[in-house]
Protein chains: 2
Amino acid sequence: MAKILIIDDEPSIVKLVSAYLQPEGYEVYTAADGIAGLKAARAYKPDLVVLDIMLPGIDGLELLSRLRRESDVYVILLTARTEETDKIVGLSVGADDYVTKPFSPRELVARIKAALRRLKSGAGSNEILAFKHVRIDPAARTVTVNSIPVELTAIEFDLLKTLAEHHGRVLTREQLIEHVWGSNYYGEMRVVDVHLGHIRQKLGDESLIATVRGVGYRFEDEVL
Amino acid sequence: MAKILIIDDEPSIVKLVSAYLQPEGYEVYTAADGIAGLKAARAYKPDLVVLDIMLPGIDGLELLSRLRRESDVYVILLTARTEETDKIVGLSVGADDYVTKPFSPRELVARIKAALRRLKSGAGSNEILAFKHVRIDPAARTVTVNSIPVELTAIEFDLLKTLAEHHGRVLTREQLIEHVWGSNYYGEMRVVDVHLGHIRQKLGDESLIATVRGVGYRFEDEVL
DNA sequence: AGTTTATGTAAAGATTGGTTAAATATCAAG
DNA sequence: CTTGATATTTAACCAATCTTTACATAAACT
């Protein structure tokens, strides 16, 4: 999942924010001063940086402007009060959002999520997928076989949609898990088999999903 | 796509903002003073106006108040500092949002997008929504089921309306909150469940709202 | 045949959503 | 400014459902 870098010298804040982010599945990296922050940003290539404006060594704004020279990463600035000047200067230097201390962790997490969602958008299209008698509508999350609606669970739907989006190509269990579960899944690969069994059962003979022994599964879009 | 009018006498700012907006597919019009701005607004009927408060000729606020007499267009005010007075006066005269200079083009673009998104989907249409036995009148904010009026609270109404406007599509709790509560809500997502429970209770079996487990809710417009 | 890989099934475990009730916020009227 | 009515939000519980694991069986390949 997404990588987040927190640059702040107050351990309590770093701890608090990490505690909120990690359970959500984010990879959280931290740095306690500007130099370390810049290095960490280069090393880990985070998707988002939470940056305290008050830092020992390099000042937060200075760090931000340096960061901007080499990266387009989304930066949320943490400012010490509603010092309006901080806000203005911060935004002019290139911050994407800012949160004033004291802040609610919940709000910060919400902003982070919103930002990442916005960044990621454009991933899965919402086009209707139709093959033979199978029709998949991602917007409505409905599936019909011969115009008869079929009820699928969330995972079953995502699995079928992923296969259909890559119709004609074999997808390994790992690839399917990457798409449907995301990269922080550490369970068995065999889950895929079980859910696929359920999909086949529900779609009947028209499931169009072929097994490629030793490799994975393929959604058949044409007769072979 | 959407039409945006920028009214500002500083060519550098006009250029900068245009440069950010045009690649996004917006039709961008510009005007360098108040008179031209008002004319342009009448001629092009933009969906959104970015208006600098400091203008030669007619002052920005004066222009805004004139504009308001004839149009309901969304206006983002560009103010020269964080003069709180500017903000307050601006909003009281009818601006919908404001950005302080110097600003990050990125932020301005984000706000424009957000505003247009909100306009397009939510408050936009005032058409009566009728499905099966449910009839929703956004202008009067009334709902009837089988011609019998049903009393809904503000949030319940907006929630139902939002779902009906996107009938046939699944909306996540986040999307519903974005529409009904706006983008700066940082409370629990489950609040949606509670209000939905109330709506269902009041509308009875005809609520037409389906739960899509693990995803969100969908307003059913046809039998599947 | 023997090995490997996939399928079907069932039961344990985890999530999710409906519901309720209490806490909090909002608003109008006194 | 209080009060009371109403609306909204939070939190908790529980039932329903989904997900995962495990294992037995079946099929495919060597």
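Computation of the quantities below employed the complete heavy-atom set of this structure, encompassing side-chain atoms and omitting hydrogens, waters and symmetry-equivalent molecules.
Atom CZ of B/Arg218 is separated from atom P of C/dG17 by 14 Å (rounded to the nearest Å). Rounded to an integer number of Å, the gap from CZ of A/Arg173 to C1' of C/dA6 is 7 Å. The distance from atom NZ of B/Lys202 to atom P of C/dT19 is 14 Å, rounded to the nearest whole Å. Following rounding to the nearest Å, B/Leu176 (CG) and C/dG17 (P) show an atom-to-atom distance of 12 Å. Here the P atom of nucleotide C/dT15 and the CH2 atom of A/Trp181 are 15 Å apart, to the nearest Å. Rounded to whole Å, the distance from CD1 on B/Ile155 to C1' on C/dA25 is 11 Å.
With a heavy-atom cut-off of 4.0 Å to chain A, the contacted part of DNA chain D has its first and last nucleotide at D/dT10 to D/dC29.
The existence of a salt bridge linking B/Glu151 and B/Lys202 is excluded, since no basic side-chain nitrogen approaches an acidic carboxylate oxygen closer than 4.0 Å. Between A/Asp158 and A/Arg141 there is a salt bridge, with a side-chain nitrogen of the basic residue lying less than 4.0 Å from a carboxylate oxygen of the acidic one. With salt bridges taken as basic N to acidic carboxylate O contacts below 4.0 Å, one links A/Asp193 and A/Arg173.
OP1 or OP2 of C/dT7 lies within a sub-4.0 Å distance of a side-chain N or O belonging to A/Thr211. For the pair A/Arg213 and C/dT4, the criterion of a side-chain N or O lying under 4.0 Å from OP1 or OP2 is not met.
Residues from residues 187-194 of chain B placing a heavy atom under 4.0 Å of any atom in DNA chain C, listed by number, are B/Arg190, B/Asp193, B/Val194.
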TODO: Return one dot-bracket line describing DNA chain D 5' to 3' (Watson-Crick or G-U wobble pairs, both distances under 3.5 Å; ( ) same strand, [ ] crossing, | another strand, . none).
DONE: ||||||||||||||||||||||||||||||
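Looking only at atom types and distance, the side chain of A/Thr211 has a donor-acceptor partner in the side chain of A/Arg200 under 3.5 Å away.
Under the rule for a side-chain contact (heavy atoms from CB on, under 4.5 Å), the partners of A/Asp33 that lie at least two apart in sequence or sit in another chain are A/Ile35, A/Ala36, A/Pro56. A/Gln22 is linked by a side chain to side chain donor-acceptor pair (under 3.5 Å) to nothing, counting only residues two or more places apart in sequence or in another chain.
The distance from atom CD of B/Gln175 to atom CD of B/Glu178, rounded to the nearest 0.5 Å, is 9.0 Å. Rounding to the nearest 0.5 angstrom, the gap separating the NE2 atom in B/His195 from the CD1 atom in B/Ile155 is 4.0 Å.
Between the side chain of A/His167 and the main chain of A/Leu163, no donor-acceptor pair closer than 3.5 Å is present.
Residues A/Gln201 and A/Gly214 each lie close to DNA chain C; by heavy-atom proximity, the contact nearer the 5' end of the strand is made by A/Gly214.
As judged by a 4.0 angstrom heavy-atom cut-off over every strand, A/Leu196 is placed among residues making no nucleic acid contact.
Annotation: A/His166 is not in aromatic contact with A/Phe219 [ring centroid separation under 6.0 Å not met].
Applying the salt bridge (Lys or Arg N to Asp or Glu O under 4.0 Å) test to every pair with at least one member in residues 1-10 of chain A, sequence neighbours left out, gives these pairs: A/Glu10-A/Lys101.
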